[in-house]
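These notes are about the structure you will find just below.
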Amino acid sequence: MLQVRNLDVFYGAVQIVRGVSLDVAEQEVVSIVGSNGAGKTTIINALSGLLAIRSGEVRFRGVEIKGLEPHKIVELGLVQVPEGRLIFPEMTVYENLLIGAYSKAARSHMEKNLEEAHSFFPVLLSRKNQAAGLLSGGEQQMLAIARSLMSMPKLLMLDEPSLGLAPLIVQEVFNIIDRIHDQGKGILLVEQNVYHALSISDKAYVIENGHVTMEGTGEELIDNKEIKTAYLGI
């Protein structure tokens, strides 16, 4: 579904991502894990078209997307849930959801997509007329994920969905990600919570200083001694 080859991304003159290659197959959960500042979010933003790619190839469902505008990438079905949620706090929950359905295809299936979003997040239906900024942190994260589902993603990229959430809410969010995957959507997950990420992943990549240092199945990496020492505190 997604093929990334030799990705190089810069901020100004500083290279942040160095020669990253990764693959996501149909209906697969793939994680990119690593410490803060390793380049994980930069990779996601580059794949979303928010950052320019200096060199490398990015193909999504057979289409080269390097250089495409972000909204064109979304229309192809590659959709990001950004770090920090980035909801519109003064707009209602319902209005935030509608923003996710701006493409022509998504608008034509808006009611069906709303039903799907509410099936994953019933609390959003009961809060539909409430200002989004009044939601709890966990509810705001649910809204950000639900808004992305309104765009009809084929591959959903989640950037640090557990950030700033209480442990019980983190578990709930990961359970929801698992349910979304069970509905047939591919998942590319960027996450500092290495244990949770690897536990639901078919495959994972470890990023350090902007490049891939290790890859394998989620099960292989969660049992790896280096991963246990560096990221799991074992």
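When a residue number appears, it is its place in the shown sequence, counting from 1.
- Once rounded to the nearest 0.5 Å, the distance linking CD1 of Ile145 with CE of Met150 reads 15.0 Å.
- Listed by first and then second residue, the salt bridge (Lys or Arg N to Asp or Glu O under 4.0 Å) pairs that reach into residues 78-105 come to none, sequence neighbours excluded.
- Residue pairs meeting the ring pair (Phe, Tyr, Trp, His ring centres under 6.0 Å) criterion with at least one partner in residues 122-159, sequence neighbours excluded, do not occur; the list is empty.
- Applying the side-chain contact (heavy atoms from CB on, under 4.5 Å) rule to Ser201 yields the partners Val29, Ser31; only residues at least two apart in sequence or on another chain are considered.
- Within the structure, salt bridge (Lys or Arg N to Asp or Glu O under 4.0 Å) contacts touching residues 167-176 (residues at least two apart or in different chains) do not occur.
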Pair up each side-chain donor or acceptor in residues 45-65 with any protein partner under 3.5 Å, not counting sequence neighbours, and list the distances.
from: Asn45; atom 1: OD1; to: Gln80; atom 2: NE2; distance (Å): 3.4
from: Ser48; atom 1: OG; to: Ile44; atom 2: O; distance (Å): 3.0
from: Ser48; atom 1: OG; to: Gln80; atom 2: NE2; distance (Å): 2.7
from: Ser55; atom 1: OG; to: Asp8; atom 2: OD2; distance (Å): 2.7
from: Arg59; atom 1: NH2; to: Gly62; atom 2: O; distance (Å): 2.5
from: Glu64; atom 1: OE2; to: Val58; atom 2: N; distance (Å): 3.2
from: Glu64; atom 1: OE2; to: Lys66; atom 2: N; distance (Å): 3.0

Under 3.5 Å, which donor-acceptor pairs link side chains of residues 152-171 to any protein atom two or more places apart or in another chain?
from: Asp159; atom 1: OD1; to: Thr41; atom 2: OG1; distance (Å): 3.1
from: Asp159; atom 1: OD2; to: Thr41; atom 2: OG1; distance (Å): 3.0
from: Glu160; atom 1: OE1; to: Gln192; atom 2: N; distance (Å): 2.9
from: Ser162; atom 1: OG; to: Glu191; atom 2: OE1; distance (Å): 3.4
from: Ser162; atom 1: OG; to: Glu191; atom 2: OE2; distance (Å): 2.6
from: Gln171; atom 1: OE1; to: His196; atom 2: NE2; distance (Å): 3.1
from: Gln171; atom 1: NE2; to: Asn175; atom 2: OD1; distance (Å): 3.0

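- Sorted by first and then second residue, the side chain to side chain donor-acceptor pair (under 3.5 Å) pairs involving residues 17-27 (not counting sequence neighbours) are Arg5-Asp23.
- Listed by chain and residue number, Tyr205, Val212 satisfy the side-chain contact (heavy atoms from CB on, under 4.5 Å) test with Glu215 (two or more places apart in sequence, or in another chain).
- Residue pairs meeting the ring pair (Phe, Tyr, Trp, His ring centres under 6.0 Å) criterion with at least one member in residues 128-171, sequence neighbours excluded, do not occur.
- Residues meeting the salt bridge (Lys or Arg N to Asp or Glu O under 4.0 Å) test with Lys185, sequence neighbours left out: none.
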In a table with atom names and distances, give each donor-acceptor pair under 3.5 Å that connects a side chain of residues 118-129 to protein atoms at least two apart or in another chain.
from: His118; atom 1: ND1; to: Leu114; atom 2: O; distance (Å): 3.2
from: Ser119; atom 1: OG; to: Glu116; atom 2: O; distance (Å): 2.5
from: Ser126; atom 1: OG; to: Val123; atom 2: O; distance (Å): 2.8
from: Arg127; atom 1: NH2; to: Glu139; atom 2: OE2; distance (Å): 2.9

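- Met91 forms part of a hydrophobic cluster together with Phe88, Ile99, judged by ILVMFWY side-chain heavy-atom separations under 4.5 Å.
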